[in-house]
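Remarks on the structure that follows.
In what follows, every heavy atom counts, from backbone to side chain, and hydrogens, waters and symmetry copies are set aside. Not measured: the values here are computed from a predicted model.
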Amino acid sequence: MLPFRPQRPRIGWLAGLGLASGTLWVLLSGTRPEAIPGTVQPANFPAMRYGLVRNEPDQAAFELGRTLFYDPRLSSDGSISCGSCHQQSRAFTDGRAVPVGVAGRHSRRNAPALQNLRWRRGFMADGGVLGLEAQALAPLTSPQEMNEPLADALARLNADPEYRRRFAAIYGPGKIDTPQFLRALAQFTAALTSANSRYDKFVRHEPGGTLTAPELRGRALFQGKCSSCHATDLFTDESFRNNGLDATFPVDSGRAHITLQPADAGRFKVPSLRNVARTAPYMHDGRFATLPQVLAHYARGVRPSRTLDPLLRQPDGRLGIALSASQQREIIAFLATLTDQQFLTDPRLAAPVRETRATPPRVIDAKVVAFQHR
């Protein structure tokens, strides 16, 4: 049994769902820094936005969040978990154009990669969520994804003696509540840090950081033609842009869905390109299956619209980014150096191995579904 620890002082949990400062937490708890991923500031990254002091890293809380992330019983029919649509080997995407949720329902948007979330300013393709803890509420309650009301998820957790024991050991006795649930889950998602690709080792002058001549040429091309949007070593400037996928936006208006401003129609969050070779298909709706298709779009497929990003309008009136076939290949060669094998295979981020343990069956739509620990 985990040792009991006194309940920590709680800050207002609603405040904890908003933007966090970049203050770095110094590991004073005795836990080795390498025991919990994502608690060390990479030398080539900008400062964290989600300060570690906002949800102090803790080994037991991290392991609890990991269990929650991979538990399918948090969906309404017990069929999918967060990990179903966010698979480690794919940089926590799912390889589909759009995810498949409960009852085979399809989401409207491609599953985003979950990586380097401590450095994010907002979440979702339209920026509709501002806090890392709050981010989990969207897929949990969406009818197209996990379809589980928060109250039902909490009831499920409180009915499970093992979850009650683990939450009490971290947060103190009493019922599992919303702040505890969201903070525990964020302990795991905040730890999804990818900072050890070959590119990272190259810029930090570490062993294993050699780039080939085509990769170096691709890097120079990338810096000249792509880095205005895919900026810093996070490879995103966190902005919202219309990249010319469509001329009109009848199905998904992007950022305008949140702001209700016509100027935001068709604008979506610039995604990070880290591990991009492993996160196909691409774009907010997964329309491109390969990176060559993506580069071909920017070279000759950009469509005009009133909100098209100015960077995609060339001085001579042409649209897109001037890229020859060979330049496209070299940029793709460089993008492959952003693959972080350590992140994709780190056993600490994989689903925990648990003994199968039957729990009471639950009746859903007149069907009995037996839930088990997997």
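Note on Leu114: it does not cluster hydrophobically with Tyr282, by side-chain heavy-atom contacts below 4.5 Å among ILVMFWY residues. Note on Val294: it clusters hydrophobically with Phe222, by side-chain heavy-atom contacts below 4.5 Å among ILVMFWY residues. Note: the hydrophobic cluster containing Val203 also contains Leu273 (ILVMFWY, side chain heavy atoms under 4.5 Å, direct or indirect links). Following chains of ILVMFWY side-chain contacts shorter than 4.5 Å, one cannot reach Val302 starting from Phe240, and the two form parts of different hydrophobic clusters. Leu154 and Tyr171 end up in the same hydrophobic cluster when Ile, Leu, Val, Met, Phe, Trp and Tyr side chains are linked at under 4.5 Å.
Across all their heavy atoms, Leu182 and Ala136 have their closest contact at CD2-CB, 4.3 Å. Of all the heavy atoms in Gln328 and Ala299, the pair that sits closest is NE2-CB, 3.6 Å. Val100 and Cys85 get closest at one heavy-atom pair: O-SG, 4.2 Å. The two residues Ser272 and Gln115 come nearest to each other via the heavy atoms OG-NE2, 4.3 Å. In terms of heavy-atom proximity, Phe123 sits nearest to Leu117 at CZ-O, 3.9 Å. Across all non-hydrogen atoms, the minimal contact from Ala277 to Thr339 is CB-OG1, 3.8 Å.
Atom CZ of Arg300 has 12 or fewer neighbouring heavy atoms from other residues, nucleotides or ligands inside a 6.0 Å radius. Atom CZ of Arg318 sits in a sparse spot, with 12 or fewer heavy atoms from other residues, nucleotides or ligands closer than 6.0 Å. Heavy-atom contacts from other residues, nucleotides or ligands closer than 6.0 Å to CZ of Arg96 number 12 or fewer.
Ring pair Tyr199/Phe235: centre-to-centre distance below 6.0 Å.
When atom types are taken as modelled, the side chain of Thr67 and the backbone of Glu63 share a donor-acceptor pair closer than 3.5 angstrom. When atom types are taken as modelled, the side chain of Glu215 and the backbone of Leu211 share no donor-acceptor pair closer than 3.5 angstrom. Between the side chain of Arg198 and the main chain of Thr210, a donor-acceptor pair closer than 3.5 Å is present. Without hydrogens or angle criteria, Thr248 side chain to Pro250 main chain gives no donor-acceptor distance under 3.5 Å. His230 contributes a side-chain N or O that, together with a main-chain N or O of Pro271, makes up a donor-acceptor pair within less than 3.5 Å. The backbone N or O of Pro179 lies less than 3.5 Å from no partner atom in the side chain of Glu133, so there is not a single donor-acceptor pair. Looking at Arg255, its side chain never comes within 3.5 Å of a backbone N or O of Arg267 through a donor-acceptor pair. Within the 3.5 Å criterion, the main-chain N or O of Gln341 finds a donor-acceptor partner in the side chain of Thr345. In this structure, the side chain of Gln88 does not engage the main chain of Thr93 through any donor-acceptor pair within 3.5 Å. Put simply, the side chain of Ser75 gets close to the backbone of Gly78: a donor and an acceptor are under 3.5 Å apart.
Phe62 has its side chain within reach of Pro37: a pair of non-hydrogen atoms, C-beta onward, lies under 4.5 Å apart. Between Arg313 and Leu319 there is a side-chain heavy-atom pair separated by less than 4.5 Å. Tyr163 is not listed as a side-chain neighbour of Phe181, based on a closest heavy-atom distance of 4.5 Å or more. No side-chain heavy atom of Phe343 sits under 4.5 Å from any side-chain heavy atom of Asn196. Using a 4.5 Å heavy-atom cutoff, the side chains of His297 and Leu245 are in contact. Here the side chains of Trp119 and Arg49 are not in contact, with every heavy-atom distance at 4.5 Å or above. Looking at heavy atoms from C-beta onward, Phe249 lies in side-chain contact with Ser305 at the 4.5 angstrom threshold. The shortest distance between side-chain heavy atoms of Arg164 and Ile176 falls below 4.5 Å.
Of the inter-residue distances, the one linking Arg278 atom CZ with Leu344 atom CG reads 5.0 Å to the nearest 0.5 angstrom. Remark: Thr189 OG1 to Leu349 CG distance equals 11.0 Å, nearest 0.5 Å. For the atom pair NE2 (His205) and CG (Asn44), the distance works out to 10.0 Å, reported to the nearest 0.5 Å. Note: Asn147 CG to Leu74 CG = 13.0 Å, rounded to the nearest 0.5 Å. Distance check: Gln41 CD to Thr193 OG1 gives 9.5 Å after rounding to the nearest 0.5 Å. Rounded to the nearest 0.5 Å, atoms CG (Asp346) and CG (Leu192) are 9.5 Å apart.
With respect to the salt-bridge test (charged N to carboxylate O, under 4.0 angstrom), the residues Asp233 and Arg204 do not qualify. Look at Asp58 and Arg183 and you find no salt bridge, because none of the NZ, NE, NH1 or NH2 atoms lies under 4.0 Å from a carboxylate O.
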Criterion side-chain contact (heavy atoms from CB on, under 4.5 Å) on Leu312 and Arg241, from CA distance to verdict
CA-CA 10 Å; Leu312 296 176; Arg241 298 177 187 261; over 6 Å; no
Determine, stepwise, if the pair Arg287 / Asp246 fulfils salt bridge (Lys or Arg N to Asp or Glu O under 4.0 Å).
CA-CA 11 Å; Arg287 69 178 64 188; Asp246 300 295; 2.7 Å; yes
Working for side-chain contact (heavy atoms from CB on, under 4.5 Å), residues Glu145 and Leu140
CA-CA 7 Å; Glu145 298 183 59; Leu140 178 72; over 6 Å; no
Determine whether Leu291 and Ile331 satisfy the following criterion, side-chain contact (heavy atoms from CB on, under 4.5 Å), listing intermediate values before the conclusion.
CA-CA 10 Å; Leu291 284 174; Ile331 289 175; over 6 Å; no
Can you list the steps and then say if Arg121 with Glu238 is a salt bridge (Lys or Arg N to Asp or Glu O under 4.0 Å)?
CA-CA 7 Å; Arg121 193 161 57 223; Glu238 293 283 298; 5.0 Å; no
Run the numbers on Leu157 and Asp160 for side-chain contact (heavy atoms from CB on, under 4.5 Å), then give the verdict.
CA-CA 5 Å; Leu157 296 175; Asp160 186 304; 5.9 Å; no
Trace of the side chain to side chain donor-acceptor pair (under 3.5 Å) decision for Asn243 with Tyr298
CA-CA 8 Å; Asn243 65 346; Tyr298 285 113; 3.0 Å; yes
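Taking the six-membered ring where tryptophan is involved, the planes of His86 and Phe69 are tilted, since the angle between them lies from 30° to 60°.
Contacts of Thr232 classified as side chain to side chain donor-acceptor pair (under 3.5 Å), with partners at least two apart in sequence or in another chain: none. Checked against side chain to side chain contact (heavy atoms under 4.5 Å, CB included), Gln144 has the following partners two or more places apart in sequence or in another chain: Ser107, Ser142. The ring pair (Phe, Tyr, Trp, His ring centres under 6.0 Å) test applied to Phe268 returns His284, not counting sequence neighbours.
Applying the side-chain contact (heavy atoms from CB on, under 4.5 Å) test between Met124 and each of His257, Lys269, Gln135 identifies Gln135 as the sole match. When Asp200, Asn275, Asn116 are each tested for a side-chain hydrogen bond (donor to acceptor under 3.5 Å, both in side chains) with Ser194, only one passes: Asn275.
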